[in-house]
Structures are given as structure tokens and as C-alpha cells.
Amino acid sequence: MLTILFDGIAYGMLLFILAVGLAVTMGLMNFINLAHGAFAMVGGYTTVLLMQRAGWPFLACLPLAFLVPALLGAVLERTLYRPLYRRPHLDQVLFSIGLVFMAVAGVDYFMGSTQQFIHLPEWLKGRTEIGSGAFALGMGHYRLFIIAICAVLTLALQYVLSSTRFGSRLRASVDDQRVAAGMGINVNQVFLLTFAVGSGLAGLGGALGAEVLGLDPQFPLKFMVYFLIVVAVGGTASITGPLLAALLLGVADVAGKYYIPKMGAFIVYSLMIAILIWRPQGLFVRKGASK
């Protein structure tokens with residue numbers, strides 16, 4: 001049971017890093033970007049190419065797994081996404097879902113449809129067993145590494161959003177763009193950097209999750225629903241809600257597949273429905289913002 005809880009927490013932390021960029025764009029920027037998973041796929045394939053064709057070590061690939069999707073996100077935000085900020089949500093959904101299918105087709109054409117594998121360093125392989133019997137805890141080294149990396153990123157992101165000048169400028173830009181611009185805040189630049197960081201975090205999550213979740217051209221479609229569940233259940237008040245939602249989702253998914261494998265994702269969707277019936281706006285709701 002402790003091992004299942006540990007694996008569920010690792011899975012949940014990974015889902016949070018993958019989905020937090022979508023939580024920011026939907027909650028703070030009020031933009032529905034269903035192509036968020038495509039940036040995660042870019043990060044995963046960047047790591048695969050660097051390791052398999054350039055011979056880079058795994059840890060050296062992680063910074064580029066963040067930077068490449070971040071730069072791509074910045075370019076697309078400036079050229080394609082920005083004109084859609086004030087368009088209806090239906091237009092945003094149709095546009096971003098179109099980007100998903102284009103990304104899937106492009107990766108399938110250039111990289112093939114086979115599953116990609118990442119060879120982890122030896123120190124990230126294996127397990128450490130603590131205790132025995134019903135209180136035994138088996139900690140996979142790579143899952144422990146994922147928890148540590150995601151925990152550091154979560155604390156850093158929380159600090160940036162709540163305790164820095166950039167975080168206050170972002171909140172001001174979201175609350176009222178006209179007033180924020182009148183106070184000298186470059187709203188377009190704030191949104192550009194926010195979108196780029198969210199895309200980069202998705203790419204880093206894709207690189208970290210390639211070993212756990214698998215990586216193929218269908219990745220954005222397979223996990224799109226999970227990203228949306230994290231955002232819908234967690235709410236958009238802060239990153240605390242999506243973090244808690246991701247942890248609940250991760251533990252429920254791992255426990256459900258272990259104890260009731262035939263039920264598949266039924267446990268996850270049941271939990272989502274129950275929480276949304278209880279709190280339709282999510283676990284945490286942002287108050288006081290004007291549109």
C-alpha cells in the first residue's frame with residue numbers, strides 16, 4: 001500500500017508539471033490551449049534525439065527539453081496565439097486542437113509511429129526497499145528523482161507567482177489589461193514570457209515522463225483529458241489547486257489500476273465527477289478578478 005501511494009505521488013507530481021502550463025494559460029491568461037500536450041511531446045522527442053543521435057547524457061538533455069518547447073511556445077504565442085486571445089473560447093479550442101493533429105501527423109511522419117525509449121543512467125535504475133510486510137515501501141529511484149525535481153519546480157513556481165514583481169505584474173495584467181498597461185506594464189511581454197515558461201515546463205514534463213508514460217506521436221491526444229482534469233478539478237486560483245488535483249489523480253489512477261485493473265480509468269473519472277459535483281468551479285477558485 002505504501003509503495004502504491006509512493007508511485008501515485010510520483011505520477012501525480014509528473015502530471016502536475018505537465019499540466020501546470022495549461023493551468024496558467026487557462027486560469028491566468030483565460031486562453032484554452034488544448035495543444036499544450038504537443039509542447040510536452042516536443043520536450044520528450046528533443047530528449048530522445050539528443051540521447052540517441054547525439055549521445056548526450058540524460059541530465060544534460062533536460063535543460064534543452066525545457067528551452068526548445070519554451071522557444072517554440074514564444075514564437076507561436078507571438079505569431080499564432082496572440083490574435084486569438086480576445087476570440088471566443090470555441091475558436092481557441094478549434095484552433096489549438098487543429099495544432100494537436102498537425103503535431104501528431106508531423107511527428108509520425110518524421111519520427112515514425114513506434115514507441116520511443118530513454119535509457120536512464122544506472123543510478124536512476126532499481127529500487128530501494130524499506131520495511132517489511134504490510135508496511136514495506138519500495139521506492140523506485142527514478143520516481144524518487146521525479147518527485148524531487150517536481151517538488152523543487154513547484155516551490156520555485158509558487159514563489160515566482162506569489163512573491164516576485166513578475167508575479168504581481170502577471171496578476172495585474174490578468175485582472176485588467178488596460179489599467180496594467182496604463183501603469184507601465186508591458187502586458188504583451190508578460191503574456192509572452194508566461195506562455196513560454198508554461199510550454200517549457202510541459203516539455204520538461206514530457207522528457208521526465210517519457211520513461212513512465214511512454215512517448216509516441218499520439219502522446220498529446222492520450223493525455224489531453226488528464227491535463228484538463230487536473231485544471232478542471234484543481235481550479236485556477238493558484239497552482240495549489242492543480243497540484244492537489246494532480247496528486248489525487250495520480251494516486252487514484254495507480255491504486256485503481258493495481259486493485260481493480262479491469263475498471264481502467266473508471267476510478268479517475270468517477271473521482272472527477274464527484275469533486276466537480278461538490279465544487280463545480282474546482283477546489284480553488286480565483287476571486288476578485290475583473291474581465
Side-chain angles (χ1 to χ4, degrees), residues 1-24 36-37 39-40 43-44 47 51 57-66 69 117-131 135-162 197-198 200-215 219 223 226-227 229-231 233-234 238-259 267-268 271 283-284:
M1 184 181 228
L2 292 177
T3 301
I4 293 173
L5 179 62
F6 174 81
D7 289 347
I9 291 175
Y11 183 37
M13 293 293 282
L14 182 59
L15 286 177
F16 171 72
I17 294 301
L18 282 164
V20 67
L22 179 61
V24 170
H36 185 74
F39 295 101
T47 303
M51 292 185 68
F58 176 69
L59 292 183
C61 297
L62 295 182
L64 280 179
F66 174 88
F117 298 96
I118 290 179
H119 298 288
L120 298 174
E122 290 298 325
W123 60 277
L124 286 178
K125 298 179 182 179
R127 270 174 108 77
T128 297
E129 299 288 340
I130 300 177
F135 298 98
L137 171 59
M139 296 186 298
H141 295 168
Y142 185 60
R143 282 170 171 76
L144 189 61
F145 174 77
I146 289 176
I147 291 177
I149 293 295
C150 294
V152 171
L153 289 174
T154 301
L155 292 175
L157 188 60
Q158 179 66 36
Y159 174 78
V160 169
L161 291 178
S162 62
V197 171
L201 287 174
L204 181 59
L208 292 172
E211 177 69 17
V212 178
L213 306 175
L215 182 65
F219 182 91
F223 292 98
Y226 280 77
F227 302 156
I229 290 176
V230 169
V231 177
V233 171
S238 66
I239 67 170
T240 305
L243 173 61
L244 180 58
L247 291 175
L248 287 174
L249 176 62
V251 173
D253 194 36
V254 171
K257 290 177 179 177
Y258 180 82
Y259 288 112
I267 301 297
V268 172
L271 179 63
L283 296 175
F284 294 86

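On a predicted model such as this, the values are computed, not experimentally measured, just so you know.
Within the 4.5 Å cutoff, the side chain of L208 has heavy atoms near those of the F145 side chain. By the 4.5 Å heavy-atom criterion applied to side chains, V20 and P242 are not counted as neighbours.
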- prompt: Checking side chain to side chain contact (heavy atoms under 4.5 Å, CB included) for the pair Y142/V212: CA distance, chi angles, key distance, verdict?
  reply: CA-CA 9 Å; Y142 185 60; V212 178; 3.9 Å; yes
field: Worked check of side chain to side chain contact (heavy atoms under 4.5 Å, CB included) between Q158 and L243
entry: CA-CA 11 Å; Q158 179 66 36; L243 173 61; over 6 Å; no
task: Determine, step by step, whether I267 and D253 satisfy the side chain to side chain contact (heavy atoms under 4.5 Å, CB included) criterion, reporting the C-alpha distance in whole Å, the side-chain angles of both residues, the deciding distance to 0.1 Å, and the verdict.
output: CA-CA 7 Å; I267 301 297; D253 194 36; over 6 Å; no
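Residues L18 and A202 approach most closely at CD2-O, 3.6 Å, considering heavy atoms. Between L204 and L62, the closest heavy-atom pair is CD1-O, 3.8 Å. Across all their heavy atoms, M51 and I118 have their closest contact at SD-CG2, 3.4 Å. Heavy-atom minimum distance, L247 versus I9: CD2-O, 3.8 Å. Scanning both residues, C150 and I17, for their nearest heavy atoms gives SG-CG1, 3.3 Å. The two residues G37 and F227 come nearest to each other via the heavy atoms CA-CE1, 3.7 Å.
Test V254, L271, V268 against L249 for side chain to side chain contact (heavy atoms under 4.5 Å, CB included) and you get one pass: V268. The only member of L120, T47, I146, L124 that meets side chain to side chain contact (heavy atoms under 4.5 Å, CB included) when paired with E211 is L120.
With sequence neighbours excluded, the residues forming a ring pair (Phe, Tyr, Trp, His ring centres under 6.0 Å) with F223 are F219, listed by chain and number.
Atoms CZ and CG, on F66 and L153 in that order, are 8.5 Å from each other to the nearest 0.5 Å. Atoms CE and CG, from M139 and L2 in turn, are 10.5 Å apart once rounded to the nearest 0.5 Å. Taking CG of L248 as the reference point, atom CD1 of I229 lies at 12.0 Å (rounded to 0.5 Å). Within the model, atoms CG of L22 and CG of L201 stand 12.0 Å from one another, a figure rounded to the nearest 0.5 Å.
At most 12 non-hydrogen atoms from other residues, nucleotides or ligands lie less than 6.0 angstrom from OH of Y258.
Among residues at least two apart or in separate chains, salt bridge (Lys or Arg N to Asp or Glu O under 4.0 Å) pairs with a member in residues 5-20 are D7-R143. Screening residues 8-22 for salt bridge (Lys or Arg N to Asp or Glu O under 4.0 Å), with sequence neighbours left out, gives no hits.
Between the side chain of H141 and the backbone N or O of E122, no donor-acceptor pair lies under 3.5 Å.
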